[in-house]
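Computation of the quantities below employed the complete heavy-atom set of this structure, encompassing side-chain atoms and omitting hydrogens, waters and symmetry-equivalent molecules.
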Amino acid sequence: MDQAERLRRISTTLARLANEELPDFIEDIDDGPLGDLERNLNRAIGNLSTRLEERLLFSVGPVVVFRWRATEGWPVEYVSPNVFDLTGYPTEDYLLDKLKYSDLVYPEDLGRVGEEVSTNSASGVEWFAHEPYRIKRRDGQTIWIADYTVIRRDRASGQITHYFGYIFDTTDRIEQSLVLERNERTLRQLKSPLLHVWDGVLAMPVLGAVDEARASSMTDALLAEITRSRVRVTVLDLTGLEDVDAATLEHLMRMVRAVTLLGSHCLVSGISPRVASIIVSLGIDVAKLSTFATLSAALGYALAQAGRRRPGRLNA
């Protein structure tokens, strides 16, 4: 092949590469300047082939690729075709600036998303992951999104020009997490119910094991209810307490002291021999505790203290 024909082949290859069309690899390469150019073109063909394969991978399936300009509203320069499946909007709406990415983000989440972009951009990191946020589909449905973003900077100035990343629907995982959280909250409430047994008399049966986190949550709920309802007598029943150890008793004694500081007389019932032994080993002054063997005995005393004015209500 003479040089003129080789130059025509090189020119055709360059044109196809510029249009992101995949040409055939150049064969019959010899030494010399044209050979170096042809080898470089073959490397470019290989790189383009890889990019096109990656683009094909993201043109279907749940992961949508975006390239955003680093300007207000994050206008979209590129988005993979499967964006329609995720958002209900075709690629043309994004590429023709009919729709900015910020238009998708749920209004209550937009401020946080923008703050995460600003904070991570200023920190100098190369990429970051958003906390899950919501977007609104074209049909009005709200879905949760996971978003992983790479920051593109101008090499000369260091200024951010673009953000490049991918998003996918994580609604199922988020909703499952929210359901689990609600269930755990309900279980915690069931394990430490607040019972208004009489006007001014509140009982909290302690069920199951008590760690520091649960003790803190129980104390907060109990103190808030004492303040709200002006509780004069509080019964802390330990009959259903499990896995008793020194740390658990320390938590419960702090709870008793906190109740007393709010002006509510705290009665402790259901003390087992094991609980009594730990109390003694901790050196707690039992003379300062109003203790009862059973919940029934404690409630009888509490009702007598309250003067049996009028029945209250039962709250779980």
Minimum heavy-atom distance [X]-[Y], with the two atoms named:
X: Asn120; Y: Ser123; result: O-OG, 2.7 Å
X: Arg138; Y: Gly88; result: CD-O, 3.2 Å
X: Val210; Y: Arg214; result: CG2-NH1, 3.7 Å
X: Glu21; Y: Pro23; result: O-CD, 2.9 Å
X: Val76; Y: Arg69; result: O-NH1, 4.5 Å
X: Pro90; Y: Val83; result: C-CG1, 4.4 Å

**Message:** If we count only N and O atoms by modelled type, under 3.5 Å, do the side chains of Glu175 and Thr171 hold a donor and an acceptor together?
**Reply:**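 Their side chains do not contain a donor-acceptor pair, so the 3.5 Å distance test is not met.
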
[atom1]/[X] to [atom2]/[Y] distance, rounded to the nearest 0.5 angstrom?
X: Ile278; Y: Ser272; atom1: CD1; atom2: OG; value: 7.5 Å
X: Thr13; Y: Arg6; atom1: OG1; atom2: CZ; value: 12.0 Å
X: Leu252; Y: Arg257; atom1: CG; atom2: CZ; value: 10.5 Å
X: Cys266; Y: Met204; atom1: SG; atom2: CE; value: 10.0 Å
X: Leu202; Y: Leu222; atom1: CG; atom2: CG; value: 6.0 Å
X: Ile143; Y: Ile174; atom1: CD1; atom2: CD1; value: 12.0 Å

With sequence neighbours left out, what residues match [X] under salt bridge (charged side-chain N to carboxylate O under 4.0 Å, His left out)?
X: Arg137; result: Asp139
X: Arg8; result: none
X: Glu77; result: Arg67
X: Asp103; result: none

Using only atom types and a distance under 3.5 Å, with no angle test, would you say the side chain of [X] pairs donor to acceptor with the backbone of [Y]?
X: Thr170; Y: Arg173; answer: no
X: Ser277; Y: Arg274; answer: no
X: Ser217; Y: Ala213; answer: no
X: Ser11; Y: Leu7; answer: no
X: Ser102; Y: Gly73; answer: yes
X: Ser216; Y: Glu212; answer: no

**Request:** For the residue pair Thr219 and His251, establish whether any side-chain heavy-atom pair is separated by less than 4.5 Å.
**Result:**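 The answer is no; the side chains never approach within 4.5 Å.
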
**Message:** Is any side-chain heavy atom of Val235 closer than 4.5 Å to one of Phe292?
**Reply:** no

**Request:** Decide, yes or no, whether a salt bridge links Arg112 with Glu116 under the criterion of side-chain N to carboxylate O below 4.0 Å.
**Result:** yes

**Item:** Joint cluster assignment, Phe84 & Val63, ILVMFWY side-chain distance < 4.5 Å
**Value:** no

**Asked** Do Val113 and Tyr106 share a hydrophobic cluster (ILVMFWY, side-chain heavy atoms under 4.5 Å, transitive)?
**Response**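 Different hydrophobic clusters.
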
**Message:** Going by ring pair (Phe, Tyr, Trp, His ring centres under 6.0 Å), Tyr101 matches just one of Tyr163, Phe66, Tyr78. Which one?
**Reply:**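 So the option named by the test is Phe66.
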
Pairing residues for [X] by the side chain to side chain contact (heavy atoms under 4.5 Å, CB included) criterion, not counting sequence neighbours:
X: Leu261; answer: none
X: Ala293; answer: none
X: Phe25; answer: Asn42, Ile45
X: Thr227; answer: Leu262

**Asked** Sequence neighbours excluded, which residues qualify as ring-ring contact (aromatic ring centres under 6.0 Å, His included) partners of Tyr89?
**Response** none

**Request:** Check ring-ring contact (aromatic ring centres under 6.0 Å, His included) between His130 and all other residues, then give those that pass, not counting sequence neighbours.
**Result:**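 For His130 the ring-ring contact (aromatic ring centres under 6.0 Å, His included) partners, ignoring immediate neighbours, are Phe128, Tyr133.
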
**Request:** Among residues two or more places apart or on two chains, list those pairs meeting ring pair (Phe, Tyr, Trp, His ring centres under 6.0 Å) that have a residue in residues 136-158.
**Result:**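 Sorted result for residues 136-158: Tyr148-Tyr166.
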
**Prompt:** Can you name the one residue among Leu207, Val206, Thr248 that meets side-chain contact (heavy atoms from CB on, under 4.5 Å) with Leu238?
**Reply:**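 Per the side-chain contact (heavy atoms from CB on, under 4.5 Å) rule, the option paired with Leu238 is Val206, out of Leu207, Val206, Thr248.
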
**Residue pairs fulfilling side chain to side chain donor-acceptor pair (under 3.5 Å) with at least one residue in residues 90-100, sequence neighbours excluded** =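 Residue pairs with at least one partner in residues 90-100: Thr87-Tyr94.
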
**Request:** Apply side chain to side chain contact (heavy atoms under 4.5 Å, CB included) to Ile145 and Leu86, showing your working.
**Result:** CA-CA 10 Å; Ile145 289 297; Leu86 183 67; 4.2 Å; yes

